[in-house]
There are 2 protein chains.
Amino acid sequence: MPYFDAASAVPLHPVARQALLASLDEGWADPTRLHREGRRARMLLDAAREAAAEAVGCRPGEIVFTSSGTRAVHTGVAGALAGRRRVGHHLIVSTVEHSSVLHSADSFEVEGGTVDRVPVDRTGAVDPSGYAAALRPDTALACLQSANHEVGTVQPVAEVAAVCRAAGVPLFVDAAQSLGWGPVEGDWSLLAGSAHKWGGPSGVGLLVVRKGVRFAAQGPVDERESGRAAGFENIPAIVAAVASLRAVRIEAAEETVRLRELTARIRAEVPRLVPDVEVVGDAGRRLPGIVTFSCLYVDGEALLHELDREGFSVSSGSSCTSSTLTPSHVLKAMGVLSEGNVRVSLPPGTAEADVARFLQVLPRVVAGVREKLGAPAPAPAPAVTVADDVIAVDALGKRCPVPVIELAKIFGDVPVGGTVRVLSDDEAARLDIPAWCEMRGQEYVGEEPAPRGTAYLVRRVS
Amino acid sequence: MPYFDAASAVPLHPVARQALLASLDEGWADPTRLHREGRRARMLLDAAREAAAEAVGCRPGEIVFTSSGTRAVHTGVAGALAGRRRVGHHLIVSTVEHSSVLHSADSFEVEGGTVDRVPVDRTGAVDPSGYAAALRPDTALACLQSANHEVGTVQPVAEVAAVCRAAGVPLFVDAAQSLGWGPVEGDWSLLAGSAHKWGGPSGVGLLVVRKGVRFAAQGPVDERESGRAAGFENIPAIVAAVASLRAVRIEAAEETVRLRELTARIRAEVPRLVPDVEVVGDAGRRLPGIVTFSCLYVDGEALLHELDREGFSVSSGSSCTSSTLTPSHVLKAMGVLSEGNVRVSLPPGTAEADVARFLQVLPRVVAGVREKLGAPAPAPAPAVTVADDVIAVDALGKRCPVPVIELAKIFGDVPVGGTVRVLSDDEAARLDIPAWCEMRGQEYVGEEPAPRGTAYLVRRVS
């Protein structure tokens with residue numbers, strides 16, 4: 001049963017499992033104690049810290065083990081902001097950061113801080129000039145992910161770090177998606193990682209605070225982890241996490257080439273096999289294992305369920321798969337289609353045959369979902385007359401992807417020059433109607449408020 | 001090699017180990033995902049939550065899994081205080097709480113809150129009337145441990161909860177030391193526990209927030225654990241923790257009787273076998289496995305090392321075993337001797353023969369440490385004349401237990417009615433010189449400032 005959701009979590013690496021089992025017996029005691037069980041635990045912790053530092057490319061004293069990647073981000077961002085509170089209360093993040101970074105930014109705003117959110121282009125990448133423009137004399141911290149978790153786009157971290165360094169501002173890098181593939185390049189100041197993304201156990205995050213970076217841990221602390229992460233260290237899990245990081249790094253060069261080829265194949269084949277699909281993310285600067293695409297006229301949740309029935313575990317950034325009924329903030333920031341969104345993230349070791357079967361199954365599954373939803377045929381019928389009437393489509397109360405389906409259904413009857421006014425109260429429509437226009441080569445005129453919901457105006461140009 | 005430091009951490013329970021191994025394969029995925037791996041993880045998490053609720057005596061929805069006991073305390077105290085910030089900014093704690101509670105209180109004070117610290121008697125117990133007296137109209141929260149982690153004294157939680165309930169104030173109970181032995185009685189509002197104290201793995205804490213308790217999680221949160229504990233759930237460890245809690249509860253009745261008898265034996269035998277020893281903590285209302293005593297004229301760190309060489313792992317609240325060079329805040333609050341302090345905390349299953357050997361070894365070890373330090377003979381020589389001279393002892397720059405040893409050495413030469421003035425800059429002297437007076441039936445006159453350090457005045461009365 002192929003598991004293609006590695007960007008969420010991967011199963012425990014065999015090396016991590018072995019290390020965990022061994023250190024359950026050796027590493028359970030309190031490493032601050034003077035007795036032999038405590039000293040043994042301390043030795044394991046020290047050795048893990050050294051090995052982690054080597055893998056990250058930093059000093060052992062710069063490593064802080066936390067209880068999750070999210071905790072590493074929360075602790076790191078809050079500590080770096082507080083450490084430079086005399087400089088100012090301005091924070092820069094990109095619009096496509098992981099929710100843990102964005103939640104930290106929201107929390108900072110609630111406390112009175114100011115946040116600038118640097119936009120991305122249609123591939124999901126930031127431009128270093130965006131950071132340069134956002135930097136201010138009172139900027140305390142800038143944050144940038146090493147690579148995006150939803151579309152795999154690799155960010156220009158080294159360039160942004162250089163821009164920040166020149167301004168004397170520390171850069172915090174969320175390296176959760178990339179740390180298993182290699183160290184993060186560039187002159188960054190703080191970094192976070194998450195063990196269960198690289199085959200380590202849950203319950204271990206990594207925070208790196210470079211020497212010389214001003215840092216003031218927030219909230220109650222204790223004597224553990226240099227006063228930066230309170231609570232009894234989870235040594236068996238830390239040992240397993242570091243063992244796994246070393247193991248996946250050894251396999252990284254070979255797996256990079258192999259997975260990159262498999263995702264390149266999906267990138268190329270899906271638009272050929274499935275009509276009305278948009279593959280998103282950068283085709284070149286991307287993580288080896290992630291490929292993401294969106295299918296017009298498809299309900300993301302139904303698609304996930306159908307793929308699950310066929311044995312494929314994937315995830316989706318469609319609004320209907322989130323508890324908030326809003327599309328993924330990443331797809332939104334990129335301005336790409338969010339309906340029928342599928343993220344395929346291959347774990348190391350994925351078999352070529354599984355990818356081949358996925359490509360074989362996908363067209364049938366998408367067609368099935370579209371049929372159930374009464375989606376229009378792939379190619380719209382040619383138009384005959386020119387007119388400037390406005391045709392109204394009332395999609396109030398209908399959820400993604402229905403508003404776009406209603407638009408597409410009627411579009412064949414719209415004369416060139418004619419306008420459709422789609423009334424919708426679904427948040428995903430704001431993203432998906434413009435995206436549909438882009439895919440169809442039609443003009444998206446804009447939106448206007450309506451007594452209920454919003455009206456989206458589309459003009460037929462061909 | 002007998003491990004007598006169960007109050008710090010115990011090795012993984014065999015049931016926990018089994019549960020951990022099984023759920024490493026089943027529980028690694030993201031429980032918020034819709035695919036089968038995610039659903040399987042979610043089922044494990046739900047089942048663990050129900051079992052934990054049953055063991056605690058609460059509803060499943062009231063359980064929040066955190067990454068450690070410390071994190072449960074930090075999250076619980078901060079969330080409860082914020083939830084009632086409209087009522088006021090007053091917090092009540094006891095003076096003998098775990099450092100995680102005291103650090104939370106310190107943090108609250110830094111943010112502008114007011115903290116009252118309820119004192120304890122010489123056994124380490126609070127009096128419910130102390131809480132009644134401390135309650136104010138603006139009290140947001142009161143905290144009390146279920147039992148003390150250093151001396152084992154059980155606190156009157158149900159009585160204090162009733163006092164708080166009558167005033168409409170929630171009570172937070174740190175149940176880290178007792179939860180493995182049974183549910184916490186009384187009408188408490190919030191509760192925290194720590195899995196590695198009951199044979200679960202490190203990395204799992206338990207926070208219980210009773211329905212109806214106002215609670216506002218602080219800092220950035222996410223959708224996990226009802227928005228009360230951010231970060232990917234550590235499901236294999238959670239499953240193992242709950243399995244272990246159930247397992248130790250089944251064994252609890254029998255082990256309570258067995259360990260209680262072993263610690264009663266240590267309580268009775270140590271003062272008989274070792275001269276100049278003070279056994280501390282309540283003789284009746286106490287945890288089954290903990291017994292703590294302090295030895296005059298003994299360096300706690302040396303004693304720990306010698307016991308370790310003999311194969312016994314214990315801990316100590318003496319100043320010389322802490323990084324801050326101050327004695328344990330618990331011993332200080334109780335006003336008992338801190339030098340040569342030993343906490344014996346027996347894990348379930350401790351063999352009687354190990355306790356017997358400990359009692360056999362201890363007198364020799366204590367005598368050896370005393371001999372190296374040049375401690376005076378147990379019984380001071382009788383005095384001959386009456387005088388009112390002041391004899392000066394300069395112990396500046398000497399660390400615990402040397403100032404008390406210097407006092408005791410000279411005391412035989414002090415006439416009845418005479419006064420000794422011990423000059424010391426060691427923080428432990430403030431606790432240990434009065435404690436020595438109490439043990440010897442001599443009068444502690446008081447302290448006075450000196451150009452360097454502090455002068456402690458002792459009058460010979462017999």
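Labels below follow one simple rule: chain letters A, B, ... track the order of the sequence lines, proteins then strands, and each chain is numbered from 1.
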Select all residues of [range] having any heavy atom within less than 4.5 Å of some heavy atom of chain B, and report them by number, or 'none'.
{"range": "residues 224-235 of chain A", "answer": "A:A230, A:G231, A:F232, A:E233, A:N234"}
{"range": "residues 193-204 of chain A", "answer": "A:H196, A:S202, A:G203"}
{"range": "residues 72-79 of chain A", "answer": "A:H74"}

With a 4.0 Å cut-off, would you call B:E150 and B:R343 a salt bridge?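 Salt bridge flag = no for B:R343 with B:E150.
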Show your reasoning for whether ring pair (Phe, Tyr, Trp, His ring centres under 6.0 Å) applies to B:H35 and A:Y3. CA-CA 9 Å; B:H35 48 58; A:Y3 174 79; 5.5 Å; yes
Only counting residues at least two apart or in another chain, list the ones meeting salt bridge (Lys or Arg N to Asp or Glu O under 4.0 Å) with A:E306.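 Residues passing salt bridge (Lys or Arg N to Asp or Glu O under 4.0 Å) with A:E306: A:K372.
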Measure [X] against the heavy atoms of chain A and call it side chain, backbone, both or neither at under 4.5 Å.
{"X": "B:L307", "value": "neither"}
{"X": "B:R33", "value": "side chain"}
{"X": "B:F108", "value": "neither"}
{"X": "B:D222", "value": "both"}
{"X": "B:S104", "value": "both"}
{"X": "B:V221", "value": "backbone"}
{"X": "B:R39", "value": "side chain"}
{"X": "B:S107", "value": "side chain"}

For chain A, which of B:A9, B:S313, B:A105, B:S100 has the most heavy-atom pairs under 4.5 Å?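 Top count of heavy-atom pairs under 4.5 Å with chain A: B:S313.
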Need one label for A:V110: side chain, backbone, both or neither, based on atoms under 4.5 Å from any heavy atom in chain B.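 Nothing of A:V110, per the 4.5 Å heavy-atom cut-off to chain B.
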Quick one: what part of A:L20 sits under 4.5 Å from any heavy atom of chain B, side chain, backbone, both or neither?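 Contact with chain B involves the side chain of A:L20 alone.
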Please work out which of the three classes, parallel, tilted or perpendicular, describes the rings of A:F4 and A:F312, given edges at 30° and 60°.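 The rings of A:F312 and A:F4 sit tilted, inter-plane angle from 30° to 60°.
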Does a sphere of radius 6.0 Å around CD in B:Q18 hold more than 12 heavy atoms from other residues, nucleotides or ligands, not counting ones at 6.0 Å or beyond?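 No, because the 6.0 Å sphere around CD of B:Q18 holds 12 heavy atoms or fewer from other groups.
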Pairwise distance NE2(B:H98) to NE2(B:H149) - rounded to 0.5 angstrom: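 If I round to the nearest 0.5 Å, the distance is 5.0 Å.
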If every non-hydrogen atom of B:V369 is compared with every non-hydrogen atom of B:A302, which pair is closest and at what distance?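 So the two residues come closest at CG1-CB, 4.0 Å.
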